[in-house]
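Heads up, the thing below is written out as structure tokens.
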Amino acid sequence: MDKFTVLKRYFGYDSFREGQELLIDSILSGRDVLGIMPTGAGKSICYQVPALMLPGITLVISPLISLMKDQVQTLNQAGVHAAYINSSLTENQISKALLLAERGQYKIIYVAPERLETYGFQHFASNVDISMVAVDEAHCISQWGQDFRPSYLKIVQFVKGFSDRPVLGAFTATATETVKDDILNTLELQRPQLLITGYDRKNLFFGVEKVKEKDAYLLRYVKAHSGESGIIYCATRKNVEKVYGLLWENDMPVTKYHAGLSADERRRNQDDFIYDKKSIVVATNAFGMGIDKSNVRYVLHYNMPQSMENYYQEAGRAGRDGEEAECILLYSPQDVMINRYLIQNKEQNTEDFTEQELEEIRRRDEERLKKMTFYSTTGKCLRTYILRYFGEWRTEDCGNCSCCVCKAEPERVPAEPVFIPGVQTDLVATYSHKKAPKGRPADSLDKRQRECFETLRALRLEIAREEGVPPYVVFSDKTLIDMCEKMPDTKEKMLMVSGVGELKYERYGSRFLKILTADQTGS
């Protein structure tokens, strides 16, 4: 199969997004690659498509269990045989997975970097044909990046251990110029094809709100976006519990996530959000990496993050389906003090760094915090600030952020008063941004299409529960909307819907087609 056949058959798309084809062709020609692409730009396609075309196995190095689980579920649903190897499995399960891989059961295997040094995995790797090693979240290899993981340094020696070196690909959404150079040098990429598609997520509205009463603003915002999926980030566990309690007491469908919860509770709460049992999650930055939930319509930051890298990555979890979404940061000067305290008391493994390196890391953390504070207090275009931070120069204002320049004819509109026990507030109005997102993507549908969309959503939820997977793994909201707009009445027309591949159609297509054809006949 050629790359276009693979793209359509397994992933349901007729064409590649910007940059994907270049990286895929480079990998297929045997060339190393570094892809720096914004969240939601389709980085995974860049290594998944060639993985299905190359003769051997592709190893994907991934930092988090949740990321691996999500990716493998999505691939399996699309008809791609994939597995993951990490500490969530028993040794017997790992041995069985590796045995099946040796027998050719899997084309793609996700593995934690720590696993690369184990005897069992090295023995497995020496006995199979590994065509490619893909490093996901590649910024984790840079000690100057915000998510440095010393275990990522083991990748280089692992790749050097092959007599026939596999193609090496690195992918990330967040890399400053320094981190980019660190990835290239540390991974020792050979003749690398470098692709930076840009950091601009045009579908995202960026806003900073300087409000005296965050709780009042937050409650009113969430009520105004009832039924939409959203993430609320807090700097501390204490604030997570406070915000969670506020929403829960006001009958919001909310769950919470932070490192102070047990592993079982974290997993259960994360699943409640992913499986659409709860539409809102309140969390620390421990939540989110690897969460590919496509229909998150807003990300609110109750506290300012420590760096632009963290903010861009967390805010980028909104609107992964390409539809409009909002990213709002609630700023107060106290946030700076909280983050400075967290930086000064940050735990570091002294075995991994010299004292001089630790001091330099602290200095860089302070510098990142300073630049994050500038973002939160500037009166200039927020999107331009983000892009310039990551080395992408632009001069014009975006017209789609909350700064005084870009705000499109802001107007004061009435707001319902919000009463919170123990809190007095005179906040009785808010801004309405004419260029802000309209809300749910399905708002563009007419009444009949909207009714069809809700029926398809109900079917998707039913199938998801039968299969034990998140609803978006079956079909994304964007795919359901495309169905409602195109109203296919045959298999051939259904395969023209974005996100419907042959294998997905074989699995679910007839059930969705039955609803669509019934809607057209009025039965």
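Checked for salt-bridge contact, Glu367 and Arg364 miss the test: no charged N lies under 4.0 Å from a carboxylate O. With salt bridges taken as basic N to acidic carboxylate O contacts below 4.0 Å, one links Glu360 and Arg363. Under a 4.0 Å N-O distance rule, the pair Lys160/Glu188 qualifies as a salt bridge. Salt-bridge formation is not detected for the pair Lys277/Asp271: no Lys NZ or Arg NE/NH1/NH2 atom is positioned less than 4.0 Å from an Asp or Glu carboxylate oxygen. The pair Asp335-Lys214 meets the salt-bridge criterion, since a charged nitrogen lies less than 4.0 angstrom from a carboxylate oxygen. Residues Glu114 and Lys154 are not paired through a salt bridge, judged by the lack of any N-O separation under 4.0 Å between the basic side chain and the carboxylate. Look at Arg297 and Asp477 and you find no salt bridge, because none of the NZ, NE, NH1 or NH2 atoms lies under 4.0 Å from a carboxylate O. Using a cut-off of 4.0 Å between Lys/Arg side-chain N and Asp/Glu carboxylate O, Glu502 and Lys8 are scored as not salt-bridged. A salt bridge does not link Asp365 with Arg362: none of the charged nitrogens is closer than 4.0 Å to a carboxylate oxygen.
Side-chain atoms of Ser376 and Thr373 form no donor-acceptor pair, as typed in the model, at a separation below 3.5 Å. Looking at Arg115 and Tyr84, their side chains never bring a donor and an acceptor atom within 3.5 Å of each other. A side-chain donor from one of Gln48 and Gln71 sits under 3.5 Å from a side-chain acceptor of the other. Side-chain atoms of Lys504 and Tyr10 include no donor-acceptor pair closer than 3.5 Å.
A donor-acceptor distance shorter than 3.5 angstrom exists from the side chain of Arg383 to the backbone of Arg201, with no hydrogens or angles considered. Remark: the backbone N or O of Glu91 is paired with a side-chain donor or acceptor of Ser95 at under 3.5 angstrom. In this structure, Tyr199 contributes its side chain and Ala175 its backbone to a donor-acceptor pair below 3.5 Å.
Atom CD of Gln344 sits in a crowded spot, with more than 12 heavy atoms from other residues, nucleotides or ligands closer than 6.0 Å. Atom CD of Gln93 has more than 12 neighbouring heavy atoms from other residues, nucleotides or ligands inside a 6.0 Å radius. Atom CD of Glu18 has 12 or fewer heavy atoms from other residues, nucleotides or ligands within 6.0 Å.
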Requested in this report: With side chain to side chain donor-acceptor pair (under 3.5 Å) as the test, would you mind laying out the steps for Lys69 and Tyr110 before giving the verdict?
Outcome: CA-CA 9 Å; Lys69 181 181 177 183; Tyr110 284 75; over 6 Å; no

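Applying the ring-ring contact (aromatic ring centres under 6.0 Å, His included) definition to pairs two or more places apart or across chains, those involving residues 42-61 are Tyr47-Phe171.
Taking the ring centroids of Tyr257 and Phe287, they lie under the 6.0 Å cut-off. Checked against a 6.0 Å centroid threshold, the rings of Phe4 and Phe16 count as neighbours. In summary, the aromatic rings of His81 and Tyr106 are positioned with their centroids too far apart to meet the 6.0 Å limit. In this structure, the ring of Phe162 has its center less than 6.0 angstrom from the ring center of Phe158.
Scored by the ring-ring contact (aromatic ring centres under 6.0 Å, His included) test, Tyr385 finds Tyr375 as partners (sequence neighbours excluded). Take Lys107 and apply the salt bridge (charged side-chain N to carboxylate O under 4.0 Å, His left out) test, not counting sequence neighbours, and it matches no residue.
Under the 4.5 Å side-chain criterion, counting only non-hydrogen atoms from C-beta, Leu184 is in contact with Pro192.
Considering Glu241, Arg266, Lys238 in turn, Glu241 is the only one that fulfils the side-chain hydrogen bond (donor to acceptor under 3.5 Å, both in side chains) rule with His258. Of the candidates Asp276, Asp70, Asp321, Lys293 forms a side-chain hydrogen bond (donor to acceptor under 3.5 Å, both in side chains) with just one, namely Asp276.
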